[in-house]
Q: 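Can you read through this structure? Questions will come right after.
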Amino acid sequence: MALKIMILGANGFIGSALTGAILERRSGWEVYGIDLSDNKLGDLPKNDRFHFVEGDITINREWVEYHVKKCDVVVPLVAIANPAQYVTHPLRVFELDFEANVEVVRHCVKYGKRLLFPSTSEIYGMSPDSVLDEETSPLVYGPINKQRWIYAACKQLLDRVIYAYGVRDNLDYTLFRPFNFIGPNLDNPEEPKEGSSRVFTQFLSNVLYRRPIKLVDGGSQKRSFTYIDDAIECLLTIIENQDGRASRRIFNIGNPGNCISIRDLAQRTIRIAQEFPVLRENARAIEIVDVSAGEYYGKYYQDIQVRIPNIEAARRDLGWAPSTDMDTAIRRTIDFYVKQEGFGGRVAALTAI
Ligand code: UDP
């Protein structure tokens, strides 16, 4: 099957992994990508099925519309998806995650294109359900003065808008909900500013810099960490959309088998980092300390205590199940960074800071 796939944010964590997998494993598919830079795409072998332009979707709007028209499937992955930024830049989240994306959604409606849109596990908020279900779980957020929820609210409204376009205009879409994807290229562990990455990269970064790992409010809150390769497998099946099995559907993409506490994640990261000689000394020296949510994120933050996906829909209708356990996910990610050129020298320099 020949397909032209447009990936907005092709250089992001999911975008770069998806682009790489398509080029490697789907010989009939072409990718048209746009992103602000291409640093995560540098390792991909040159391929004439990959057309990339460096640009900003909020500026290069004609390019975006033209390519929606030209492609078969549109995957808009440009968004701020990092809780540290929901509380510091809530309006940027609204402008980019909601306003810029609703425009792309409307292009898909106008040109009758299939849309594969990232919803989020965050959409369930503080849902009382112990296992979160796409069709039945309530979506529960805190008060307006807890600005963290602006991201979930933007995504919820987009889900509702897309759903409504499906009902009224027959828009062909799939909404997918990532549950704490981790893997190479999530955030940058060498980023010096603490608190700017999502939790796993932050902990790895703390090891590199030999800084104490901070557990927010004791670290008993739980997440279901999902290795990126498992997630990409699911996305490829959704793009293929054999017999329309993913059309007008919502799928949680997560690994309930990897539901662990943040404290457990810290301990595993320290243990597994010691398997790598270049990190051993740093990892042995790391302390784990407690910090309050207010101290770490400020007053606009509110946490989610547990987040476990029901993945029956993906299992049953897409034939998908995750297979990468927690320790393997951590080990593979660390291995990726350790193998980067000049890594050892940079760690030695960081530790000296
Ligand atoms: N967290 C932590 N220490 C850190 C960074 C994050 O304890 O240095 C906690 C955070 O409060 C949250 C969890 O780790 O409960 C996951 O945070 P992340 O930013 O990865 O995203 P979330 O799963 O909340 O969307």
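Just so it is clear, the values below take in all heavy atoms, side chains as well, and ignore hydrogens, waters and symmetry mates. One-based numbering, in listed order, for ligands and for the atoms of each.
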Q: Check whether any N or O atom of Q202, backbone or side chain, sits under 3.5 Å from an N or O atom of ligand 1, and answer yes or no.
A: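 No.
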Q: May I ask you to check whether over 12 heavy atoms, not counting those of Y301, lie within 6.0 Å of atom OH?
A: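 Yes, because the 6.0 Å sphere around OH of Y301 holds more than 12 heavy atoms from other groups.
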Q: Quick one: look at K214 and ligand 1, take heavy-atom pairs under 4.0 Å, and tell me if it's side chain, backbone, both or neither.
A: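 K214 to ligand 1: backbone contact only, side chain stays beyond 4.0 Å.
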Q: How far is atom 6 (C) of ligand 1 from its nearest protein heavy atom, and which residue and atom name does that atom have?
A: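 Here the nearest protein heavy atom works out to Y297 OH, 3.3 Å.
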Q: Looking at E134 and R177, does any basic side-chain N land under 4.0 Å from a carboxylate oxygen?
A: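 Salt bridge between E134 and R177, a charged N being under 4.0 Å from a carboxylate O: no.
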Q: What residue pairs, at least two apart or across chains, pass salt bridge (charged side-chain N to carboxylate O under 4.0 Å, His left out) with a residue in residues 218-234?
A: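 Residue pairs passing salt bridge (charged side-chain N to carboxylate O under 4.0 Å, His left out), neighbours aside: R25-E233, R223-D303.
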Q: One pair to check against side-chain hydrogen bond (donor to acceptor under 3.5 Å, both in side chains): R248 and Y163. What are the steps and the verdict?
A: CA-CA 7 Å; R248 290 181 208 95; Y163 184 91; over 6 Å; no
Q: Any salt bridge linking D317 with R249? Criterion: basic side-chain nitrogen under 4.0 Å from a carboxylate oxygen.
A: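 Yes.
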Q: Quick one: look at I304 and ligand 1, take heavy-atom pairs under 4.0 Å, and tell me if it's side chain, backbone, both or neither.
A: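 Contact part for I304 vs ligand 1: neither.
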Q: Which heavy atom of the protein is the closest neighbour of atom 5 (C) of ligand 1, given with residue, atom name and distance?
A: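 The protein heavy atom lying closest is Y296 OH, 3.6 Å.
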Q: Under 4.0 Å from ligand 1, counting heavy atoms only, is it the side chain of Y301, its backbone, both or neither?
A: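 It is the side chain that gets close, since no backbone atom is under 4.0 Å.
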Q: Does R307 have a non-hydrogen atom less than 4.0 Å from ligand 1?
A: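 Flag set, R307 near ligand 1.
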Q: Among protein heavy atoms, which lies nearest atom 17 (O) of ligand 1, and at what distance?
A: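 Closest protein heavy atom to atom 17 (O) of ligand 1: V199 CB, 3.9 Å.
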Q: Going by the atom numbers of ligand 1, which of them fall below 4.0 Å from some non-hydrogen atom of E122?
A: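 Reading through ligand 1 atom by atom, the close ones are 25 (O).
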Q: Can you tell me which portion of R148 lies within the under-4.0 Å heavy-atom range of ligand 1? Options are side chain, backbone, both, or neither.
A: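 For R148, the contact with ligand 1 is made by the side chain alone.
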Q: Do me a favour and list the nearest non-hydrogen protein atom to atom 13 (C) of ligand 1 with residue, atom name and distance?
A: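 Of the protein heavy atoms, I262 CD1, 3.6 Å lies nearest.
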Q: Do me a favour and list the nearest non-hydrogen protein atom to atom 9 (C) of ligand 1 with residue, atom name and distance?
A: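 Here the closest protein heavy atom is Q221 NE2, 4.0 Å.
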Q: Can you tell which of V216, I213, N82 gets a heavy atom nearest to atom 2 (C) of ligand 1?
A: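 Looking at heavy atoms only, V216 sits closest to atom 2 (C) of ligand 1.
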Q: Take atom CD in Q305; do more than 12 heavy atoms of anything else shown fall under 6.0 Å from it?
A: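 Yes, enclosed.
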Q: Answer with side chain, backbone, both or neither: which part of F203 has a heavy atom less than 4.0 angstrom from an atom of ligand 1?
A: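 It is the side chain that touches ligand 1; the backbone stays farther off.
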